[in-house]
Participant: 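One structure follows; several queries about it will come next.
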Amino acid sequence: MPKITLKEILEDANSRKYAVGAFNVVDSHFLEAIVKTAEECSSPVILNIAEVHFPYFNISALSAMIQKRIEQSIIPITLNLDHGLTMENIKIALDCGFSSIMYDGSHLEFEKNIEQTRIVVELCKSYNVSVESELGAVGGAEGGELVGEADPLKYTDIEQAKIFVKETGVDALAVAIGNSHGKYKGEPKLDFDRLKTLNSELGIPLVLHGGSGISEDDFKKAIKFGISKINFFTGMSQAALQTAKEFFDGTQEKYNNYLLMNQKIEKSIKDIVIEQMNIFGSIGRV
Ligand code: 13P
Ligand code: ZN
């Protein structure tokens, strides 16, 4: 099936009140675990590749492999640049065939964020590619410290968000409501009142970053109040590391140990993805 845009994949989620998981791919094992799970569960899925992960692989080779896998698949899949920070890498992603760009101007002043996001939206239009952007700032940093914390002073401002969406024409907005990248310091406390108002005022799908560590109840509430895309990475990478650690604590001495370990890693990622898809309500939606 050809890949689809973020706008297309979120339309159904938004109207039928479930969320599509956006899982980060960093190698062929993550790719296979995520896509195979989505196929087995008849779930739509978004594949994220984060700009901060570019130094760890060959982006054009990895995206070519991903696109081949998407073409072979029978479920709707969106290929999204996660936290695009520079025009240079956004252009690389567009030329590699991504169908969605998340532009992260959350570190910029409000006016500058609008100005830069507009430039990205214009550019992406010519490729027929969707744009997600971020207003306020999600806690922690993708690719930064393992434990992150949300700063209430950086939560998404409702009045600013109305102006931002109107002036930029983005297809989806990542909100800062107490969510944070990496592991949470203590229990996450999401500002659901803010989310509810953002949802009723903005009229576009909202995105929750920092999915790892949020409880089932909170995910369900967030979806009820307008979240249609949930970004998730740390939970998978921690599970993969734990599996590798347990594997090497064992005493296997086989020629194909490395391959066997990767098989187990893939299985551990699959288990996490199925658990999340179940909570997000995306199973059986294809
Ligand atoms: P976690 O790593 O906290 O799950 O967040 C992922 C994310 O937001 C990717 O953009
Ligand atoms: Zn994120």
Side-chain angles (χ1 to χ4, degrees), residues 6 9-10 19-27 30-31 33-34 45-54 56 78-86 89-90 93 98 100-107 113 117 130-151 154-156 170 172-190 195 205-216 218-219 222-223 227-242 268-269 271-277 279-280 282:
L6 186 69
I9 208 164
L10 295 188
V20 184
F23 300 95
N24 286 76
V25 173
V26 293
D27 61 26
F30 274 70
L31 172 66
I34 297 163
V45 73
I46 297 161
L47 302 176
N48 269 346
I49 299 193
E51 181 176 319
V52 286
H53 293 160
F54 279 16
Y56 299 97
T78 296
L79 179 54
N80 177 53
L81 175 68
D82 186 33
H83 295 281
L85 298 162
T86 61
N89 283 324
I90 287 171
F98 282 54
S100 170
I101 299 289
M102 185 232 171
Y103 170 65
D104 181 355
S106 61
H107 53 289
N113 191 358
T117 303
S130 304
V131 177
E132 168 194 338
S133 62
E134 179 172 325
L135 185 66
V138 172
E142 181 73 353
E145 295 296 319
L146 181 60
V147 180
E149 204 172 8
D151 177 355
K154 294 183 178 166
Y155 285 7
T156 310
V170 290
L173 187 71
V175 293
I177 54 162
N179 45 325
S180 184
H181 289 106
K183 286 186 168 180
Y184 282 82
K185 209 175 194 175
E187 288 291 304
K189 282 197 181 54
L190 302 185
L195 177 61
L206 302 177
V207 180
L208 189 68
H209 283 243
S212 307
I214 293 181
S215 71
E216 179 167 352
D218 279 358
F219 273 134
I223 294 165
I227 293 294
S228 314
K229 169 179 181 264
I230 297 172
N231 280 31
F232 195 96
F233 175 58
T234 304
M236 295 186 297
S237 61
Q238 291 287 299
L241 280 172
Q242 184 59 29
S268 68
I269 299 169
D271 290 346
I272 301 270
V273 173
I274 198 165
E275 189 182 336
Q276 297 309 313
M277 285 179 165
I279 296 171
F280 301 166
S282 66

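When a ligand or atom number is given, it counts from 1 through the structure's own listing order.
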Participant: Which pair of non-hydrogen atoms, one from E51 and one from N89, has the smallest distance, and what is that distance?
Facilitator: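 Here E51 and N89 meet closest at OE2-ND2, 3.0 Å.
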Participant: Looking only at non-hydrogen atoms, find the nearest pair between F219 and I214 and report the distance.
Facilitator: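 Nearest pair, atom of F219 first, then I214: CE1-O, 3.3 Å.
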Participant: Can you see which heavy atom on D104 is nearest to which on L85, and at what distance?
Facilitator: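 Residues D104 and L85, closest heavy atoms: O-CD2, 3.7 Å.
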Participant: Report yes or no: does S100 contribute a side-chain atom to a donor-acceptor pair with the main-chain N or O of N80 at less than 3.5 Å?
Facilitator: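 No, S100 side chain to N80 backbone: no donor-acceptor pair under 3.5 Å.
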Participant: For the Zn ion (ligand 2), which protein N/O/S atoms are closer than 2.8 Å?
Facilitator: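 Checking every protein N, O and S atom gives H83 NE2, H181 NE2, H209 ND1.
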Participant: I'd like the contact residues of ligand 1, where contact means a heavy atom below 4.0 Å.
Facilitator: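 Shell around ligand 1 (4.0 Å, heavy atoms): N24, D82, H83, E142, S180, H181, G182, H209, G210, G211, S212, N231, F232, F233, T234.
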Participant: Using the salt bridge (Lys or Arg N to Asp or Glu O under 4.0 Å) criterion, which residues pair with D151? Sequence neighbours excluded.
Facilitator: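 Residues passing salt bridge (Lys or Arg N to Asp or Glu O under 4.0 Å) with D151: none at all.
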Participant: I'd like to know if the side chain of S106 reaches the main chain of A137, judged simply by a donor and an acceptor atom lying under 3.5 Å from each other, with no hydrogens or angles considered.
Facilitator: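 Not a single qualifying donor-acceptor pair exists.
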Participant: Is the CD atom of E145 crowded by more than 12 outside heavy atoms at less than 6.0 Å?
Facilitator: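 Not buried by this count: 12 neighbours or fewer within 6.0 Å.
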Participant: Run the ring-centre check on H53 versus F233 and record whether the distance is less than 6.0 Å.
Facilitator: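 Between H53 and F233, the centre distance is under 6.0 Å.
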Participant: Which residues satisfy the side-chain hydrogen bond (donor to acceptor under 3.5 Å, both in side chains) test with H209, sequence neighbours excluded?
Facilitator: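 By the side-chain hydrogen bond (donor to acceptor under 3.5 Å, both in side chains) rule, H209 matches H83, E132, N231.
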